[in-house]
Structure formats: structure tokens, C-alpha cells
Trainee: 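There's a structure below that I have some questions on.
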Amino acid sequence: MSLATDEMSMELLVNSENPEAALRNMQPFINLMMYYECALMEIETKLKVLNSEFALQHNRNPFESIKCRVKKPISIIEKMKKKNLDITIENIENNLTDIAGVRVICSFPEDIYTVSELLSKQDDINVVQVKDYIRNPKSNGYRSLHLIVEVPIFLSNQKKYMKVEVQFRTIAMDFWASLDHKLKYKKDNLKHPEIIAQELKKCADMVTAMDYKMQEIRNMLD
């Protein structure tokens, strides 16, 4: 089944001589998005359980917040086009790993590795890929720990494994990444974008130094 953009799909339903048939053609994609939503709920629940247990044992929470999102259909289509892949349900599920995304904001770098390891060790979680941009930052200074995991969802007639991207960042890392994302479009219009890139890299290094200094202070208090 091929997909269209949100607008094209809506137009298909409105203008079709047989809206019910048009809706049936869209149903496999609607089902797939529901599966990703269910996978997010599974991961979110697992993380909240770990957070509660950690808080009980150590009298503090290892992370500040969890943010979940499913990619919009138009973003999925654009990414498939960049990969030069036919836009089908099978290709989407087999070739995209970030349709379902979870961002876990931790207090300290040490907590990132603690929580990610606890999640990875659960016997129904399959770790597909690990990208550690904390120990190996990107050239622009970006830092985050990315896990691609498969988690089972239990439907009425089957158990199905779905891929979810889980990103772990400290508050400081997330602050820097959010600002960098907002500024990158403006950088494209500058005469000397390399200067801005250098300044942002310096900021990333300062943020990292602060992260580890705060962790050091926490360890002293403990």
C-alpha cells in the first residue's frame, strides 16, 4: 500500500466517490501508527517503574521528565524519499527506526547510563543499536545517548515487536540541543556560519563541564 501526505489523504476522503473504500486503503497505515503509539506506552511505563523503584531505593529520581512522540505522516514520507525507498507499509516498518521516539531527561550523566542499562537488561527488550554521542560527541558538540530498541506490544490476536528510539540527555544537554535546533535555520543565511558553529561548540563544552561538576557535587553530598 502506498501513502500520501496528510493533505492528500484528507482530499482523497473528501473527494472520493467511495470514501469508505478510500478509508480502507488508509487503514494499514492507521494501524501501524497505532502500533507505534502502543510501543511508546510500553516504554514509558517501563521507565516510570524504574524511576519509582530508584526513588524508593536512593531517595531521588534519576530523571526529570519523559517526552514521547510519533513522527507525523508528512515527516515519514520525506524521510522515505531521502532514502529513495518506495513508500509502503513494509518499507516504513523495516527501514525507519525513529517513528516512535522517547526522550528521557536525566539530572546527571551518570544517571543516563544507569537508567539505560536497567532498561536494556529487561528480558523483553531487544537492543537493536546504540549510539553514544556523550562519550563520542558529534563534531558540532551535540551530546546524547541514543538506543534503538524493540519492545513487544500485545494485541488481541498477536504479539508484535515494534522499534522505538530512546534518547537520554541531561537537562543541560537538552537545553543546548533545543537552542541549536532553533538556530540552525538562521545559520544557513549567515556569511560566516563557521564562526557561529565554533561558538556553539564552545557552549556545548561548557555545558558538559557544568554537567560533570554538578555530578561531582552530588557525589560529595551523597
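Remember, predicted model here, so these are calculated numbers, not experimental data. Residue indices begin at 1 and follow the sequence shown.
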Trainee: Are any side-chain N or O atoms of N61 and backbone N or O atoms of F63, one a donor and one an acceptor, separated by less than 3.5 Å?
Mentor: no
Trainee: Counting only N and O atoms by type, is there a donor-acceptor contact under 3.5 Å from the side chain of S75 to the main-chain atoms of K71?
Mentor: no
Trainee: Quick one: do V102 and M34 end up in the same hydrophobic cluster if we chain Ile, Leu, Val, Met, Phe, Trp and Tyr together by side-chain heavy atoms under 4.5 Å apart?
Mentor: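 Cluster IDs for V102 and M34 match.
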Trainee: Rounded to the nearest 0.5 Å, what separates atom CD1 in I125 from atom CG in L118?
Mentor: 12.0 Å
Trainee: What verdict does the salt bridge (charged side-chain N to carboxylate O under 4.0 Å, His left out) test give for K160 and E93, after you've listed the backbone C-alpha separation in whole Å, the side-chain angles of each residue and the deciding distance to 0.1 Å?
Mentor: CA-CA 12 Å; K160 184 175 177 64; E93 192 170 357; 2.9 Å; yes
Trainee: Could you state the interatomic distance from OG1 (T88) to CG (N95), rounded to the nearest 0.5 Å?
Mentor: 8.0 Å
Trainee: Starting from the C-alpha separation in whole Å, work towards a yes-or-no answer on salt bridge (charged side-chain N to carboxylate O under 4.0 Å, His left out) for E117 and K121.
Mentor: CA-CA 6 Å; E117 183 177 0; K121 283 183 175 179; 3.0 Å; yes
Trainee: Given 3.5 Å as the limit, does a donor-acceptor pair link the side chain of R169 with the main chain of F175, or not?
Mentor: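 Answer holds: no.
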Trainee: Would you mind reporting whether L47 and V104 have side-chain heavy atoms less than 4.5 Å apart?
Mentor: yes
Trainee: Cation-pi check for F108 against R218: NZ or CZ below 6.0 Å from the six-membered ring centre and within 45 degrees of the axis, yes or no?
Mentor: yes
Trainee: With side chain to side chain donor-acceptor pair (under 3.5 Å) as the test, pick out the partner of S107 among R60, E64, Q215.
Mentor: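 Testing each of R60, E64, Q215 against S107, the sole residue satisfying side chain to side chain donor-acceptor pair (under 3.5 Å) is E64.
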Trainee: Taking all non-hydrogen atoms of both residues, which atom of L119 and which atom of L50 are closest, and how far apart?
Mentor: N-CD1, 3.9 Å
Trainee: Given side chain to side chain contact (heavy atoms under 4.5 Å, CB included), test K83 with L96 step by step and report yes or no.
Mentor: CA-CA 10 Å; K83 290 177 173 283; L96 299 187; 3.6 Å; yes
Trainee: If you apply the rule side chain to side chain contact (heavy atoms under 4.5 Å, CB included), what do you find for Q167 with S144, and how did you get there?
Mentor: CA-CA 7 Å; Q167 296 182 358; S144 184; 4.0 Å; yes
Trainee: Assess whether atom CG of N219 is packed by more than 12 heavy atoms of other residues, nucleotides or ligands within 6.0 Å.
Mentor: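 It does: N219 CG has more than 12 such atoms within range.
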Trainee: Under the salt bridge (charged side-chain N to carboxylate O under 4.0 Å, His left out) rule, what do E44 and K48 come out as? Steps first, then yes or no, please.
Mentor: CA-CA 6 Å; E44 184 177 22; K48 286 182 175 179; 3.5 Å; yes
Trainee: Identify the two heavy atoms, one from S116 and one from L145, that lie closest to each other, and give their separation to 0.1 Å.
Mentor: OG-CD2, 3.5 Å
Trainee: Can you check side chain to side chain contact (heavy atoms under 4.5 Å, CB included) on E42 and L40, steps first, answer last?
Mentor: CA-CA 5 Å; E42 292 284 349; L40 286 179; over 6 Å; no
Trainee: Under the criterion side chain to side chain contact (heavy atoms under 4.5 Å, CB included), I'd like the reasoning laid out for K46 against V151: C-alpha separation, chi angles, the key distance, then a yes or no.
Mentor: CA-CA 10 Å; K46 288 175 176 295; V151 62; 4.1 Å; yes
Trainee: Answer yes or no on whether K159 is positioned over the face of F154, meaning its NZ or CZ is under 6.0 Å from the six-membered ring centre and within 45° of the axis.
Mentor: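 No, K159 does not lie over the aromatic ring of F154.
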Trainee: Would you say CE of M80 has more than 12 non-hydrogen atoms from neighbouring residues, nucleotides or ligands within 6.0 angstrom?
Mentor: yes
Trainee: Tell me whether R135 forms a cation-pi arrangement with Y113, defined as NZ or CZ under 6.0 Å from the six-membered ring centre and within 45 degrees of its axis.
Mentor: yes
Trainee: Any side-chain heavy atom of L32 sitting closer than 4.5 Å to one from M162?
Mentor: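 They are in side-chain contact.
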Trainee: Any donor-acceptor pair under 3.5 Å linking the side chain of D180 with the backbone of W176?
Mentor: no
Trainee: Taking C-beta and beyond as the side chain, do T97 and V128 meet within less than 4.5 Å on heavy atoms?
Mentor: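 When only atoms from C-beta onward are counted, V128 and T97 do not touch, as no gap falls below 4.5 Å.
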Trainee: Can L179 be reached from I105 by stepping across I, L, V, M, F, W or Y side chains whose heavy atoms are under 4.5 Å apart?
Mentor: no
Trainee: Under 4.5 Å between any side-chain heavy atoms of I87 and K81, yes or no?
Mentor: yes
Trainee: Could you tell me the separation between the CG atom of N51 and the CD atom of E53, rounded to the nearest 0.5 Å?
Mentor: 10.5 Å
Trainee: Can you give me the closest heavy-atom contact between M33 and V70, atom names plus distance?
Mentor: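 Heavy atoms only, the tightest pair is SD-CG1, 3.9 Å.
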Trainee: Which class fits the ring pair Y133 and H146: parallel under 30°, tilted 30 to 60°, perpendicular over 60°?
Mentor: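 Perpendicular: the ring planes of Y133 and H146 meet at over 60°.
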Trainee: How about S120 and L147: do any of their side-chain heavy atoms sit closer than 4.5 Å?
Mentor: yes
Trainee: Are V49 and V149 connected into the same hydrophobic cluster when the rule is that any two of I, L, V, M, F, W, Y join if their side-chain heavy atoms are below 4.5 Å apart?
Mentor: no
Trainee: How long is the gap from CD1 on I66 to CD1 on I43, to the nearest 0.5 Å?
Mentor: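 I66 atom CD1 to I43 atom CD1 measures 10.0 Å (nearest 0.5 Å).
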Trainee: Suppose the criterion is salt bridge (charged side-chain N to carboxylate O under 4.0 Å, His left out): which pairs have a residue in residues 141-158, not counting sequence neighbours?
Mentor: R143-D205, E150-K163
Trainee: According to a 4.5 Å side-chain heavy-atom criterion applied to Ile, Leu, Val, Met, Phe, Trp and Tyr, with indirect links allowed, do L85 and I89 form part of one hydrophobic cluster?
Mentor: yes
Trainee: Could you check whether any side-chain heavy atom of T114 comes within less than 4.5 Å of a side-chain heavy atom of P62, counting everything from C-beta outward?
Mentor: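 Side chain of T114 against side chain of P62, heavy atoms only: no contact under 4.5 Å found.
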Trainee: Kindly indicate whether the side chain of F54, heavy atoms from C-beta on, has any atom under 4.5 Å from the side chain of V115.
Mentor: no
Trainee: Flag the pair K79 / D98 as yes when at least one side-chain heavy-atom distance between them is below 4.5 Å, and no otherwise.
Mentor: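 They are in contact (side-chain heavy atoms under 4.5 Å apart), so the answer is yes.
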Trainee: Check for a donor-acceptor pair, side chain of N140 on one end and backbone N or O of Y142 on the other, with a separation under 3.5 Å.
Mentor: yes
Trainee: Which value, rounded to the nearest 0.5 Å, describes the distance between E110 atom CD and E216 atom CD?
Mentor: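 E110 atom CD to E216 atom CD measures 12.0 Å (nearest 0.5 Å).
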Trainee: Quick check on the hydrophobic clustering: are I99 and I77 connected, directly or via other members, by side-chain heavy-atom contacts under 4.5 Å?
Mentor: yes
Trainee: Is the backbone N or O of C106 less than 3.5 Å from a side-chain atom of T170, with the two atoms forming a donor-acceptor pair by type?
Mentor: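 Not a single qualifying donor-acceptor pair exists.
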